[in-house]
Amino acid sequence: MSELSADPPNSRLFILCGKTVTDEELHEAFDKYGHIKDIWIVKDRNTMESKGVVYIKFSKSSEAALAQEEMNGKTLAAGGKPIKVMIAHSREQGSRFDDDPERLLRLFILVPKAASEEQLEEYFKKFGDLDYVSIVKNKTSGESKGVAYVKYHRAYHAAKAYEECSRSYKAVFARPREQKNQSSIDSNDRMGFSAPYNGPPGGGSGGRWGAGSGMLSSGSGSPASGGRLIALLHSSLRDEQIYRLFDICPGLVDIRPQANRIYGMQKVLVDYNCHAAAVHACEKLNGFEYPPNYRISVKPYGSSMDEMSDGGGASGGLLGHAPVKPEVNGSSGMTTISNTELATLTAALAKAETIIKTAGLGTQAPTSGLLKASEADTFDQTYCSVRLPPPQPLAAPTDEETFRLFIVCQPGLPSMYALRDIFGRFGNLIEVYTLHGKNCGYVTYATKESSDNAIKTLHLQEVCGMRMKVMVAEPPRPGVTRSDRKRMRTDEEDRASSS
DNA sequence: CGACGGGACGC
DNA sequence: CGACGGGACGC
């Protein structure tokens with residue numbers, strides 16, 4: 001059956017050897033590399049003579065890989081010709097002229113969105129010398145797509161990684177790169193409107209959006225069908241981080257850096273495909289402290305600061321403008337911005353905040369005097385109601401047991417950024433992911449200590465204005481995923497259930 | 001109350 | 001230059 005010969009992938013050898021080679025000689029030469037499931041000496045139908053072609057099926061890819069590496073070019077019997085040993089292609093594929101040399105070396109894996117290539121290298125180098133680890137990123141934003149390629153120098157190492165890396169990576173051998181024939185899909189998501197807006201009222205995703213819409217409409221010169229914000233952030237923030245911040249809600253269309261940097265701050269223009277999204281982002285991000293001690297300033301584009309923005313020059317509502325590649329528009333007023341702008345901005349922000357608060361919009365509980373931003377040192381109660389440890393490095397998915405928390409927030413979830421930062425501060429955080437359209441999610445740690453500490457300090461605290469419950473997660477329902485089913489040993493299950 | 005995702009590379 | 005058998009579906 002064709003399925004069996006491809007089960008584990010790359011576990012079958014294709015061998016060219018003398019026509020007199022015997023089963024015994026093959027066993028003698030190849031048994032040492034692992035468990036042989038089948039040896040097939042291909043014979044001519046009529047003469048029944050060997051054609052000098054042999055298939056050897058191993059139970060594991062790594063066994064076949066090692067056998068290939070060590071036995072290729074060796075001679076089996078005295079006086080015989082050197083044999084050629086290759087990893088067989090699939091039956092369907094058969095002999096190929098364009099043999100992709102990467103097909104045995106490159107794995108495709110799922111990775112946490114926040115994982116770094118360095119982190120993954122650190123993990124995957126335990127299986128052998130790496131060529132590279134490459135996270136697939138959104139080209140314009142730099143945001144990880146949650147997948148990566150891992151390439152080794154030796155097929156044996158790739159196979160070991162395939163077999164032994166943590167199951168959460170869901171490693172497979174990478175499909176060959178697509179050849180260069182597709183001329184122009186040229187997927188010009190010009191308007192970026194392809195991103196569905198799950199947002200406000202109809203979507204059943206809760207009310208935290210609904211009340212907001214319109215609150216900034218007065219005095220905002222943003223386009224009628226979208227929403228444009230202008231933001232000041234600390235210069236240390238990379239594009240990817242900025243993208244993550246503003247990706248707080250669906251509908252993000254474009255982020256364009258503005259040329260002028262002011263006192264260690266950078267300015268970006270941010271477009272959403274609808275007004276409510278922009279309003280929401282503004283509401284959530286303005287005043288957010290990141291990095292610690294540096295508050296982000298966000299306000300609707302179109303009031304007193306417009307003239308400062310060089311890129312979009314003609315201030316006012318460019319409706320449905322085409323996104324521009326991030327590029328520095330260096331020529332114009334580079335250094336002329338000063339305290340004046342900051343003061344203007346701060347004032348505008350203060351005003352906007354007052355408007356928001358006095359309007360009584362939003363679903364938060366009435367903001368009491370507790371939330372005064374009289375910060376001694378870095379403690380910002382509007383970010384988190386309890387004092388947090390300093391940021392810690394993330395952990396890669398491990399081979400050991402992981403510890404998972406279940407979190408629920410009312411009235412909604414804080415941004416992904418905030419969640420990662422906050423839960424990351426207890427150390428050994430692997431991942432946080434949230435359920436689509438729900439106010440809950442899962443947080444995975446590599447150690448019980450970190451997990452326990454997160455519960456202790458965060459349970460029933462307020463994060464970004466949301467009350468959060470943090471508890472140990474129930475284990476996932478068994479037998480729902482394909483991979484689980486694939487790996488299930490039915491005989492063991494049966495034995496267990498019958499006793 | 002509040003429970004289980006994500007998947008492809010500038011040749 | 002070098003690519004695909006044998007066995008066989010239900011106790």
Side-chain angles (χ1 to χ4, degrees), chain A residues 1-2 4-6 12-17 19 38-45 48 50-57 81 83-100 102 106-115 132-140 144-151 168-182 185-187 206 397 404-413 416 431-444 460 467-484:
Chain A
M1 283 185 182
S2 57
L4 288 177
S5 63
R12 198 173 56 134
L13 298 182
F14 173 64
I15 302 173
L16 305 169
C17 55
K19 302 183 196 310
D38 188 34
I39 292 188
W40 170 24
I41 301 174
V42 179
K43 301 191 179 83
D44 183 285
R45 273 186 198 287
M48 292 306 282
S50 164
K51 293 162 79 171
V53 169
V54 173
Y55 290 96
I56 297 184
K57 173 71 181 174
K81 280 196 310 187
I83 63 174
K84 286 172 87 172
V85 183
M86 289 151 279
I87 302 293
H89 285 122
S90 70
R91 278 179 125 94
E92 304 73 45
Q93 193 166 209
S95 181
R96 291 190 64 106
F97 292 99
D98 56 338
D99 193 0
D100 176 15
E102 285 189 322
R106 216 166 53 118
L107 301 180
F108 176 72
I109 59 173
L110 298 183
V111 300
K113 286 270 203 326
Y132 58 76
V133 172
S134 168
I135 293 176
V136 179
K137 305 184 186 101
N138 179 309
K139 193 172 34 173
T140 54
S144 166
K145 290 186 178 172
V147 300
Y149 293 95
V150 179
K151 190 179 175 193
S168 63
Y169 287 111
K170 300 199 163 107
V172 294
F173 285 93
R175 293 198 299 261
R177 307 169 120 93
E178 306 216 345
Q179 275 106 26
K180 42 172 182 183
N181 49 3
Q182 298 180 1
I185 298 186
D186 196 10
S187 57
R404 230 169 44 128
L405 303 179
F406 179 63
I407 62 171
V408 196
C409 287
Q410 291 295 340
L413 284 172
M416 204 58 202
E431 188 185 21
V432 23
Y433 86 86
T434 57
L435 302 190
H436 189 71
K438 302 264 175 73
N439 291 335
C440 58
Y442 295 92
V443 179
T444 308
L460 297 180
R467 184 65 61 180
M468 186 166 65
K469 295 186 189 176
V470 183
M471 61 215 96
V472 175
E474 296 295 324
R477 303 195 309 260
V480 288
T481 68
R482 251 189 338 118
S483 54
D484 282 348

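Letters A, B, ... mirror the listed sequences (proteins, then strands); counts begin at 1. What you are looking at is a predicted structure, and each value in this text was computed from that prediction instead of being measured.
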From B:dG2, B:dC4, C:dC4, nucleotide with atom closest to A:Val42 side chain: C:dC4

Ignoring hydrogens and geometry beyond distance, is the side chain of A:Lys84 in donor-acceptor contact with the base of C:dC1 at under 3.5 Å? no

Atom CG of A:Asn439 and atom P of B:dG2: how far apart are they, to the nearest Å? 8 Å

Evaluate the side-chain contact (heavy atoms from CB on, under 4.5 Å) criterion for residues A:Val53 and A:Trp40: first the C-alpha distance (whole Å), next the side-chain angles of each, then the deciding distance (0.1 Å), finally the verdict. CA-CA 8 Å; A:Val53 169; A:Trp40 170 24; over 6 Å; no

Please state whether the base of B:dG7 and the side chain of A:Arg175 form at least one donor-acceptor pair under 3.5 Å? no

Calculate the interatomic distance between A:Asn138 atom CG and B:dC9 atom C1'; express it in whole Å. 14 Å

Would you classify A:Gly146 as touching base, sugar-phosphate or nothing, given that sugar-phosphate means primed atoms plus P, OP1 and OP2, and contacts are heavy atoms under 4.0 Å? nothing

Could you check whether A:Phe173 and A:Phe108 have their ring centres less than 6.0 Å apart? no

Applying the 5.5 Å / 30° rule, does A:Trp40 stack onto the base of C:dC4? no

Examine B:dG2: is either OP1 or OP2 under 4.0 Å from a nitrogen or oxygen in the side chain of A:Gln410? Give yes or no. yes

Hey, is A:Tyr149 doing a stacking thing with B:dA8, by the 5.5 Å centroid and 30° angle criteria? no

Check the geometry between A:Phe14 and C:dG2 and answer yes if their rings are stacked (centres below 5.5 Å, planes below 30°), otherwise no. no

Sugar-phosphate only, base, or nothing, as touched by A:Leu16 at under 4.0 Å among non-hydrogen atoms: base

Reckon A:Lys139 touches a base, only the sugar-phosphate, or nothing at all at heavy-atom distances under 4.0 Å? base

If you assign each of A:Ala174 and A:Arg177 to its closest nucleotide in DNA chain B, which residue comes earlier from the 5' end? A:Ala174

Take atom NZ of A:Lys19 and atom P of C:dG2, then tell me their distance rounded to the nearest Å. 8 Å

Checking all strands, does A:Glu431 fall into the base, sugar-phosphate, or nothing category for heavy-atom contacts under 4.0 angstrom? base

Would you give the length of the straight line joining atom OH of A:Tyr442 to atom CD of A:Glu474, rounded to the nearest 0.5 angstrom? 9.0 Å

Between B:dG6 and A:Lys170, counting only base atoms on the nucleotide and side-chain atoms on the residue, is there a donor-acceptor pair under 3.5 Å? yes

A:Gln93 has an atom CD; how far is it from atom P of C:dC4, in whole Å? 14 Å

Going through the checks in order, is the side-chain contact (heavy atoms from CB on, under 4.5 Å) test met by A:Val54 and A:Val42? CA-CA 6 Å; A:Val54 173; A:Val42 179; over 6 Å; no

Polar side-chain contact A:Glu474-B:dG2 base: donor and acceptor under 3.5 Å: no

Sugar-phosphate only, base, or nothing, as touched by A:Arg467 at under 4.0 Å among non-hydrogen atoms: nothing

Atom pair distance, as rounded to whole Å: CG in A:Asp98 and P in B:dC11: 17 Å

How many Å lie between CD1 on A:Ile135 and P on B:dG7, as a whole number? 15 Å

With syn defined as a glycosidic angle within 90 degrees of 0 and anti as anything else, the base of C:dC9 is syn

Selection from B:dG2, B:dA8, C:dC4 that lies nearest to any side-chain heavy atom of A:Val172: B:dA8

Determine the contact category for A:Ser144: base if any of its heavy atoms lies under 4.0 Å from a base atom, sugar-phosphate if only primed atoms, P, OP1 or OP2 are that close, otherwise nothing. nothing

Using only side-chain N and O atoms of A:Lys438, determine if any of them is under 4.0 Å from OP1 or OP2 of B:dA3. yes

Does A:Tyr55 stack onto the base of C:dA3, taking stacking as ring centres under 5.5 Å apart and planes under 30° apart? no

Rounded to whole angstrom units, what separation is found between the CG atom of A:Leu13 and the C1' atom of C:dG2? 15 Å

Among B:dG2, C:dC4, B:dC4, which nucleotide sits nearest the side chain of A:Arg404? B:dC4

Sequence neighbours excluded, which residues qualify as side-chain hydrogen bond (donor to acceptor under 3.5 Å, both in side chains) partners of A:Lys113? none

With a 4.5 Å cut-off on side-chain heavy atoms, are A:Leu460 and A:Lys469 touching? yes

How about A:Leu413 and A:Lys438: do any of their side-chain heavy atoms sit closer than 4.5 Å? no

Categorize A:Met48 for me: base, sugar-phosphate, or nothing, with a 4.0 angstrom heavy-atom threshold over every strand shown. nothing

Would you mind telling me which of C:dA3, B:dA3, B:dG2 lies closest to the side-chain atoms of A:His89? C:dA3

Among C:dA3, C:dC4, B:dA8, find the nucleotide with the atom closest to the side chain of A:Arg91. C:dC4

Side chain of A:Tyr442: nearest nucleotide among C:dG2, B:dC4, B:dG7? B:dC4

For a quick test of reading the model: is some side-chain N or O of A:Arg96 closer than 4.0 Å to OP1 or OP2 of C:dA3? no

Steps toward side-chain contact (heavy atoms from CB on, under 4.5 Å) verdict (A:Arg404, A:Val472): CA-CA 6 Å; A:Arg404 230 169 44 128; A:Val472 175; over 6 Å; no

Can you check whether any acceptor in the base of C:dG5 is under 3.5 Å from a donor in the side chain of A:Asp38, or vice versa? yes

Could you state the CE-P distance from A:Met86 to C:dC4, rounded to the nearest angstrom? 13 Å

Is_stacked (A:Tyr433, B:dG6) at 5.5 Å, 30 deg: no

